[in-house]
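One structure is given here, and the rest of the page talks about it.
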There are 2 protein chains.
Amino acid sequence: MTQQTQGARRAPLSRERVLDAAVALADEAGINTVSMRNLAQHLGVTPMALYKHVANKEQLLDGMVDVVIGEIEPPSPSGDWRPAVRNRILSARRALRRHPWASRVIESRTTPTPVVLGYMDSMIAMFRGGGFSVDLTHHVMHALGSHLFGFSQELFDTSISLDPDVHAAALSQRSDTYPHLVEIASGAAHDQSAAGPGCDDQFEFEFALDLLLDGFDRLRRQGWSPPGRPRTQEAV
Amino acid sequence: MTQQTQGARRAPLSRERVLDAAVALADEAGINTVSMRNLAQHLGVTPMALYKHVANKEQLLDGMVDVVIGEIEPPSPSGDWRPAVRNRILSARRALRRHPWASRVIESRTTPTPVVLGYMDSMIAMFRGGGFSVDLTHHVMHALGSHLFGFSQELFDTSISLDPDVHAAALSQRSDTYPHLVEIASGAAHDQSAAGPGCDDQFEFEFALDLLLDGFDRLRRQGWSPPGRPRTQEAV
DNA sequence: ACCTGAACACCGTTCAAGT
DNA sequence: ACCTGAACACCGTTCAAGT
């Protein structure tokens, strides 16, 4: 829509142009349309021209993630760790929501890029600066998980409790098959103050985030330290 | 390894045989080797024969997830919701860990199957039976997210703080680039009571799980109820 | 009625051949 | 030295043709 395909043909290809075009294409037509061949066509070049700027498709996807992570606002210089962390994560969420494909692509990455490492490093710095021990910061970063990047594991959450289809199907056909699920779905639905299909994603995200931050804060205040020597050896 | 490829040729194809073969193939050779064509070859049939038993590849993946979910132990008839939920989730984790490809495939599903809905319904039942309100149960299920299925968003966690490669690379080359990340990695590494590459996944999982369950329990005891009327209208 | 070979419209990537 | 066309080894899926 907002991105022009023609006219771009003249500018020399660069890694940045390739990545920006890939992000724009994914935004407009979905991540499935981002193939090396299709992206090349959109840029008016031959597929192999892309390989001058990205080693392979994996690196293309890494670069696309970097573009999105780059949109996250830098840490506010606030003195209090809790609102600072909270705001940064909510900024990450806004960036991720601008690019609906991004959370899925982030999930699929196996090794972090320097940009991602930098983001994590700065998040760690916020906890350390807020008085968290090295050990507690470590566990806290793990516990945040995908919240770090502004998304919770949505799985099919939106379809579970609130997608009109599933909702209707559940209520009509299978209230005897999944009685508890239907009860939850109904409960969410009759609260019509929530926006959209019956459930407020933003509320759910902040609910979980604040629950975690509350827990972190409690452990920090209690001076949490790792449990005794012998941890779980092997869990299988 | 444990699965025979030859000899299976005689038994008539069935949905169950197709799914079991797909799971075994993914376990042995990775999810990337599970293509309709390759799976068919392993079963000694033509690719199109599979389409008699699964509508398409998406349904094949759905069925594979169902096989894994089916391995989760049923709820223990315990009276106390907390250990019951905890044990069930740890059972889910054990099932998922037997099939390393499963968490990624679960993440990629867009609509839940009846088997998945049944699992969620029974989890909801445990909270409701434990005295959680409909609303609180709803949020609690969202907050659990991927923990419901026994995995946290691992992202590249194992590589972040503890993969020998990243660890060594970080420590040697980039302690000035990612100082806080390196501090966390070192902290985890010098605690050699942890198993494996320097970080105990099981410990991290249980740390986050117990943090969430603590939070849930606190809200339940406090008689949590939804905040006032006007929620976030639209967050973008 | 059941099964399947060939074909279609794609992939990511290599590599030798063009300019 | 730079770029690229054709080719390779794959995909998921359709569909008409075989038995």
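Numbered from 1 within each chain, the chains take letters A, B, ... in sequence-line order.
For Ser35(A), there are no side chain to side chain donor-acceptor pair (under 3.5 Å) partners at least two apart in sequence or on another chain. The side chain to side chain donor-acceptor pair (under 3.5 Å) search around Glu58(B) returns Arg109(B), not counting sequence neighbours. Partners of Arg15(A) according to the side chain to side chain donor-acceptor pair (under 3.5 Å) rule, which considers only residues two or more places apart in sequence or in another chain, do not exist here. Here Phe207(A) pairs with His139(B), Trp224(B) under the ring-ring contact (aromatic ring centres under 6.0 Å, His included) rule; sequence neighbours left out. Among residues two or more places apart in sequence or in another chain, the ring-ring contact (aromatic ring centres under 6.0 Å, His included) test is passed with Phe127(A) by Trp81(A), Phe132(A). Under the rule for a salt bridge (charged side-chain N to carboxylate O under 4.0 Å, His left out), Glu16(B) has no partner lying at least two apart in sequence or in another chain. Under the salt bridge (charged side-chain N to carboxylate O under 4.0 Å, His left out) criterion, Arg86(A) pairs with Glu206(A), Asp210(A), sequence neighbours left out.
Side-chain atoms of Phe205(A) and Ile89(A), non-hydrogen and from C-beta on, do get closer than 4.5 Å to each other.
When rounded to the nearest whole Å, the span between CD1 of Ile31(B) and C1' of dC11(D) equals 15 Å. Rounded to whole Å, the distance from CD on Gln41(A) to C1' on dC10(C) is 12 Å. When rounded to the nearest whole Å, the span between CG of Asn32(A) and P of dC11(D) equals 18 Å. At whole-Å resolution of the value, CG in Leu50(A) and C1' in dG12(C) are 11 Å apart. The CG-P distance, from Leu13(A) to dC2(D), rounds to 15 Å in whole Å.
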Are any protein N/O atoms closer than 3.5 Å to N/O atoms in nucleotides 13-17 of chain D? If there are, list each pair with its distance.
from    : atom 1 : to       : atom 2 : distance (Å)
dT13(D) : OP2    : Tyr51(B) : OH     : 2.9
dT13(D) : OP2    : Lys57(B) : N      : 2.9

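Remark: DNA chain D takes part in the stems C:4-8 with D:12-16, C:12-16 with D:4-8, each of 3 or more antiparallel Watson-Crick or G-U pairs, criterion distances under 3.5 Å.
Using a distance-only test at 3.5 Å, with no hydrogens or angles considered, a donor-acceptor pair links the side chain of Arg104(A) to the main chain of Glu107(B).
Candidate nucleotides dG12(D), dG5(C), dC3(D) were compared by shortest atom distance to the side chain of Ser35(B), and dG12(D) ranks first. In this structure, the nucleotide among dC11(D), dG5(C), dC11(C) sitting nearest to the side chain of Asn38(B) is dC11(D).
Comparing dA9(C) with dA9(D), their P atoms are spaced 22 Å from each other, to the whole Å.
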